Amino acid sequence: MRMDGVTHASDRRAGIGKPTISASGGSHLGSRIVLDDEFLSCRSSVRRFRRGEVIAGAGVLIDMFARVHSGVVNASTMLPDGREFIVEIIPKSGLIGELEVLRRQTVSLEYRAGSNCELHFFEGRLLRDKYASDASFREKVFSRALARISELELRIISNAASSLQSRLASTLLRLSAVYGKDVVNSGDELIISQNDLAATLPASREKVNQSLRRLREGKIIDGGQGKIRILNRKALEACANGAVLVK
């Protein structure tokens, strides 16, 4: 994949130049590996991406991983019917490509900027050396990977058993937790397009719009133009649990 962000002086100092991750072609921070301070002190390649730009695509072997310094990143795949499914939304401090680097595997998901964002790229050997020499770090990698799989399984089960309105409410609450990782955002305002929201569920944009309209009419949420504001969190939680159906 190619990188389309801005190349900074730190790229040249680190000897990375114009790195390529792949090009074709996620969730709570708690389910991802978190960089230790020693990684943050390493020289990195700093790149900025505009909302919607491809950061990394599937099918290419990489030897770099990235930390989201600001903004959010969408990790997605294509469903058999051709629809996009956003598997994970990676918030500030989340990592991209860490498991692929450790396993020396190709990227399996496509990563796009869910908002204007800045990423810091690190050489894969830093992660592999840490993994090989630190038993506690290996344990953390394993436990986070299991948590990530468990979370995705729960989402799939919930999607199969819940109404669209319940799934939408649960997704808005989950995104609220993701956006709340950034100190400048309380989590009550979500910046996400209706297309991305539909791909996250997944569901058709028309049906998602209908459910959003009902939540707005019920004074549970507000907003437009790619922004959703949570007005009544308790009512939204009730919808997510199936206790309330807004008509």
Side-chain angles (χ1 to χ4, degrees), residues 26-32 51-52 68 71-79 81 83-94 96 109-115 117 147-182 185-247:
S27 275
H28 296 62
L29 178 60
S31 65
R32 303 190 66 84
R51 181 177 181 176
V68 181
V72 295
V73 174
N74 296 340
S76 65
T77 188
M78 298 302 293
L79 296 174
D81 61 6
R83 289 182 299 162
E84 180 188 18
F85 175 35
I86 296 180
V87 179
E88 195 172 13
I89 295 182
I90 305 164
K92 179 180 179 180
S93 298
I96 296 172
L109 299 173
E110 178 181 84
Y111 294 91
R112 286 182 179 270
S115 65
C117 59
R148 193 172 171 186
I149 294 171
S150 177
E151 182 182 1
L152 181 57
E153 288 179 340
L154 290 174
R155 284 182 59 198
I156 293 173
I157 293 171
S158 176
N159 285 352
S162 304
S163 66
L164 176 57
Q165 189 175 105
S166 176
R167 289 160 50 200
L168 174 60
S170 296
T171 298
L172 293 178
L173 290 169
R174 181 167 54 86
L175 294 178
S176 173
V178 169
Y179 281 93
K181 298 292 183 182
D182 196 328
N185 191 318
S186 66
D188 287 337
E189 185 172 274
L190 315 178
I191 302 175
I192 185 169
S193 69
Q194 291 180 346
N195 282 336
D196 283 353
L197 187 56
T200 301
L201 288 164
S204 71
R205 180 172 174 174
E206 180 181 3
K207 291 182 178 179
V208 171
N209 287 343
Q210 292 173 355
S211 293
L212 287 172
R213 185 176 66 250
R214 294 189 187 102
L215 293 176
R216 282 195 293 266
E217 291 171 351
K219 308 298 183 184
I220 297 175
I221 66 169
D222 193 8
Q225 299 295 323
K227 291 184 180 180
I228 297 173
R229 187 177 302 104
I230 298 175
L231 302 177
N232 190 333
R233 186 173 291 272
K234 288 185 178 180
L236 191 62
E237 291 171 350
C239 288
N241 293 329
V244 174
L245 178 63
V246 180
K247 298 181 180 180

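Keep in mind that what you see is a predicted model, and the values were worked out from it rather than measured.
Take N232 and apply the side chain to side chain donor-acceptor pair (under 3.5 Å) test, not counting sequence neighbours, and it matches no residue. Residues passing the side chain to side chain contact (heavy atoms under 4.5 Å, CB included) test with A203, sequence neighbours excluded: L164, R167, L201, V208. When the salt bridge (charged side-chain N to carboxylate O under 4.0 Å, His left out) test is applied to R83, the partners found at least two apart in sequence or on another chain are D81. Not counting sequence neighbours, the partners of K227 by the side chain to side chain contact (heavy atoms under 4.5 Å, CB included) test are E189, I191. Residues satisfying the side chain to side chain contact (heavy atoms under 4.5 Å, CB included) test with S150, not counting sequence neighbours, are L154. Applying the side chain to side chain donor-acceptor pair (under 3.5 Å) criterion to D222, with sequence neighbours excluded, gives no partner residue. Q210 is linked by a side chain to side chain donor-acceptor pair (under 3.5 Å) to nothing, counting only residues two or more places apart in sequence or in another chain.
The line from CG of L172 to CG of D188 is 11.5 Å long, rounded to the nearest 0.5 Å. Within the model, atoms CZ of R216 and CG of L231 stand 11.0 Å from one another, a figure rounded to the nearest 0.5 Å. With rounding to the nearest 0.5 angstrom, the CD1 atom of I221 is 5.0 Å from the CG atom of L212. Separation of atoms CD1 (I220) and SG (C239) is listed at 4.0 Å; rounding is to 0.5 Å. Note that the NZ atom of K207 and the CG atom of L168 stand 13.5 Å from one another [nearest 0.5 Å]. Considering CD1 of I96 and CD1 of I90, their distance stands at 4.5 Å, rounded to 0.5 Å.
In terms of heavy-atom proximity, S166 sits nearest to A240 at OG-O, 2.7 Å. Residue S76 comes nearest to I86 through the heavy atom pair CB-CA, 3.9 Å, listed as atom of the first residue, atom of the second, then distance. Listed here is the closest heavy atom pair of R51 and I192: NH2-C, 3.5 Å.
In this structure, a donor-acceptor pair under 3.5 Å is present between the side chains of R233 and S176.
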For this session: Using the side-chain contact (heavy atoms from CB on, under 4.5 Å) rule, take N74 and I89 through it: C-alpha gap first, then chi angles, then the decisive distance, then the call.
Result: CA-CA 5 Å; N74 296 340; I89 295 182; 3.5 Å; yes
Problem set entry | Intermediate values then yes/no, side-chain contact (heavy atoms from CB on, under 4.5 Å), V72 and L175 | CA-CA 10 Å; V72 295; L175 294 178; over 6 Å; no
Exercise. Can you list the steps and then say if R174 with T200 is a side-chain contact (heavy atoms from CB on, under 4.5 Å)?
Worked result: CA-CA 11 Å; R174 181 167 54 86; T200 301; 3.3 Å; yes
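Considering L197, V87, L79 as possible partners of P202, the one that fulfils the side chain to side chain contact (heavy atoms under 4.5 Å, CB included) test is L79.
A distance-only check finds no donor-acceptor pair linking the side chain of S115 to the backbone of G71 [under 3.5 Å].
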